[in-house]
Every structure is written in structure tokens, then in C-alpha cells.
Amino acid sequence: MTFKFGAALSTSIIAAGAVADAQDMSANSAIDPAWTYELQLYLWATEVGGTALGEDFTLGFDQIVDNLNVALMGRLNAYQGLWMTWGDLTYASLGKDGSSKFTISPAPGVDFDVKAVADAEVKTTIVSFGGGYKLVGTDSYALYGTLGARYLRLQSDLKLDLNNLSFKADSDDDYWDAVVGVAGRAAFNENWFMSYLADVGAGNSDLTWQAYVGIGYNFGRQDVVFGYRHMEWDLPDEDLMTEYYQSGPVLVWNIRF
């Protein structure tokens, strides 16, 4: 894998409380050797779009829900002193099938009945992981510099049956990219806070970037955060898909332990 530039701005995914240390810590305070963890379950109401075979396409969230087979979304963060690490997974499988009957007439008085059955499935996998170091830390604000990797896999399968003839087409492309950036959290008071992140990088893709901002409410050892997240890839010109993005509001439930 050749990295076209070894990375430029930041974390990987999601929403909301994912971003900073759950318990604010001053940069000058003593280092706590104990590890703390955050488990985040989230729903990303994403729109999917891009460019495939030279044509732009957009698939809205309502269309995704109608054709959704299965979806998995989750993240685990770990903190120790000024350090953090994370792993994040987003997976979705969309399927659509249908059938149609029509008649063709290759010659006068000659008719053929044709039954066409189509079955299509598209799978998207996004995995992010890496580490970060707290650059700024006060009682109400934390800023991390982050370095990690992002993996994108796009799979598509199409099967078409015409009477007794079958046709199949499929593609399976994956992309590894290094990403570097910043992530932070700013508290408004004891309960309300804002979290944000931005990152950029490259590798197998020509360019990938991400931006997120969210508003959250803290109660005890849990957070609920509502935000907006955008992820985008500029892919090689020779691939089936040359641009791909996911964008939309995200709701996160964050549990600390």
C-alpha cells in the first residue's frame, strides 16, 4: 500500500460523546494509571451518495431503511492519563429484488414471453482505529491530536435471470487510509457539552476526510449526544466508484465504565 500523503487531520467516526475524556483532566494534574472505557451505541441516519461509472447517485435515509437487511454500529474508547485509543465499526447490507414480465417480437407473428428477475445486494463496511494524545486539558475543555487508520470496503452483487438464462456481476473494492486530526470536547456547564472532530488522510484512496459536531447531555456515567457527521472518499479514477460519501444526523448513547 502506498500512502500518497501520510495523513493530515484526525479521528475516525462518530458522533457525539466519542471524542474526549469522559472526566475532564487538567494537563498539569497527576497522571492516573487506571484505564477507563466508553462503549458507544449509535444510529447514523445517513444519506449515501457518490459517483459510479461516471454517473452521480444519491440514496436517502428513507430508501436505505426500506431496503436494509442488517446494520451494525458501535465504538469502544479507552483512556489512560493523557492517552486515548479507539476502535469503531459501521456495517450495512442493503438488498433489493424484483421481477417483471414482458413480450418481445423479433419478427412479425413471432412473440416471446420473457420473465426477468433481478436481485441486487450492496454491503458497506467502515472500520476506524487509532490513538490520540491530549494536547490541551482544562476543567471544561479537552483537545486531542489523533493518528489512526480507516478502512472502507464496498461490495456489490447483481443477479439477473431471463427465462432460463442467468447473468451475474459483482465488485469488491477495499481501501486503507492513514488519517490524522483533532478531536475535542467543551463543557458549557455540569451537564451540557459540545464535541467535535475533523480528520483528513489518504492511502489507497486519493483523499478521505471527515467532520463532525454534536451537542450532548451528561447524566452520571452516561451521555446522550445528537450531532451531524460527514465522511467522504475520493477514489481512484479506474475504479467502479470514483466518489463516495455518507452524511447525516447521528444519535449516540455513551456508557462509561
Side-chain angles (χ1 to χ4, degrees), residues 10-25 31-46 61 64-65 68-93 123-134 137 140-153 179 181-188 190-199 210-231 246 248-257:
S10 147
T11 28
S12 81
I13 189 173
I14 111 182
V19 180
D21 200 331
Q23 301 168 337
D24 289 323
M25 169 174 31
I31 303 302
D32 185 354
W35 284 90
T36 59
Y37 303 90
E38 293 178 338
L39 175 62
Q40 297 169 350
L41 306 176
Y42 63 93
L43 173 64
W44 190 10
T46 177
F61 180 64
I64 292 174
V65 171
L68 184 65
N69 291 332
V70 64
L72 299 172
M73 300 178 185
R75 178 180 177 114
L76 181 65
N77 298 322
Y79 302 92
Q80 196 274 327
L82 300 176
W83 296 93
M84 69 171 292
T85 185
W86 78 88
D88 187 280
L89 168 67
T90 301
Y91 172 82
S93 174
K123 300 177 183 178
T124 303
T125 304
I126 304 172
V127 178
S128 301
F129 57 89
Y133 184 80
K134 184 178 284 187
S140 60
Y141 181 74
L143 173 67
Y144 286 89
T146 60
L147 177 65
R150 183 148 63 231
Y151 171 74
L152 170 68
R153 185 178 186 184
V179 292
V182 293
R185 171 169 166 162
F188 302 128
E190 291 184 358
N191 299 110
W192 291 97
F193 63 90
M194 178 184 71
S195 58
Y196 62 89
L197 66 82
D199 70 54
Q210 171 184 202
Y212 157 80
V213 64
I215 300 296
Y217 184 84
N218 169 271
F219 51 98
R221 301 184 68 84
Q222 301 181 58
D223 300 330
V224 173
V225 190
F226 181 76
Y228 194 93
R229 174 176 170 238
H230 179 92
M231 299 182 76
Q246 294 189 189
V250 60
L251 179 65
V252 180
W253 178 31
N254 183 42
I255 307 167
R256 289 184 289 276
F257 57 95

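- The two residues Ala142 and Lys134 come nearest to each other via the heavy atoms CB-CE, 4.1 Å.
- Once rounded to the nearest 0.5 Å, the distance linking CZ of Arg75 with CG of Asp88 reads 5.0 Å.
- Rounding to the nearest 0.5 Å places CG of Asn254 at 4.0 Å from CD of Glu38.
- Side chain of Trp44 to backbone of Gly248: a donor-acceptor contact under 3.5 angstrom is found.
- Side chains of Trp253 and Gln222: a donor on one and an acceptor on the other come within 3.5 Å.
- In the model, Asp223 has a side-chain atom that pairs as donor or acceptor with a side-chain atom of Asn218 under 3.5 Å.
- Here the closest heavy-atom approach between residue Leu76 and residue Phe257 is recorded as CD1-CZ, 4.3 Å.
- Between Leu197 and Gln210, the closest side-chain pair of non-hydrogen atoms falls below 4.5 Å.
- Remark: side-chain polar atoms of Thr85 are paired, donor with acceptor, to backbone N or O of Gly130 under 3.5 angstrom.
- The structure places OH of Tyr37 at 16.0 Å from CD1 of Ile255, a figure rounded to the nearest 0.5 Å.
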Do His230 and Tyr212 pass the side-chain contact (heavy atoms from CB on, under 4.5 Å) test, and can you show the C-alpha distance, the side-chain angles, and the key distance before you say yes or no?
-> CA-CA 6 Å; His230 179 92; Tyr212 157 80; over 6 Å; no
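- Between the side chains of Tyr133 and Thr146, not a single donor N or O lies within less than 3.5 Å of an accepting N or O.
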For the pair Thr90 and Val127, evaluate side-chain contact (heavy atoms from CB on, under 4.5 Å) and give the outcome as yes or no after the intermediate values.
-> CA-CA 7 Å; Thr90 301; Val127 178; over 6 Å; no
In sequence, state the C-alpha distance, the side-chain angles, and the governing distance for Ser128 and Trp86, and then conclude on side-chain contact (heavy atoms from CB on, under 4.5 Å).
-> CA-CA 8 Å; Ser128 301; Trp86 78 88; 4.0 Å; yes
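- Rounding to the nearest 0.5 Å gives a distance of 6.5 Å between OG1 of Thr125 and CZ of Arg153.
- The distance from the CE atom of Met84 to the OH atom of Tyr79 is 4.5 Å, given to the nearest 0.5 Å.
- Side-chain atoms of Ser195 and Val225, non-hydrogen and from C-beta on, do get closer than 4.5 Å to each other.
- Atom CG of Leu251 and atom CG of Leu41 lie 10.5 Å apart (nearest 0.5 Å).
- Here the closest non-hydrogen pair linking Phe226 and Pro249 is CZ-CB, 3.8 Å.
- Annotation for Ala186 and Tyr141: closest pair CB-CD1, 3.8 Å, computed over non-hydrogen atoms.
- What you find for Ala149 and Val179 is that their closest heavy atoms are N-CG2, 4.1 Å.
- When every heavy atom of Lys123 is checked against every heavy atom of Ser93, the shortest pair comes out as CG-OG, 3.9 Å.
- Between the side chain of Arg256 and the backbone N or O of Gly220 there is at least one donor-acceptor pair closer than 3.5 Å.
- Annotation: side chain of Tyr196 is in contact with side chain of Leu143 (closest heavy-atom distance under 4.5 Å).
- For the pair Arg185 and Phe193, the cation-pi test (distance below 6.0 Å, angle within 45°) is passed.
- Proximity of Met231 to Arg150: side-chain heavy atoms (C-beta onward) are separated by under 4.5 Å at one or more points.
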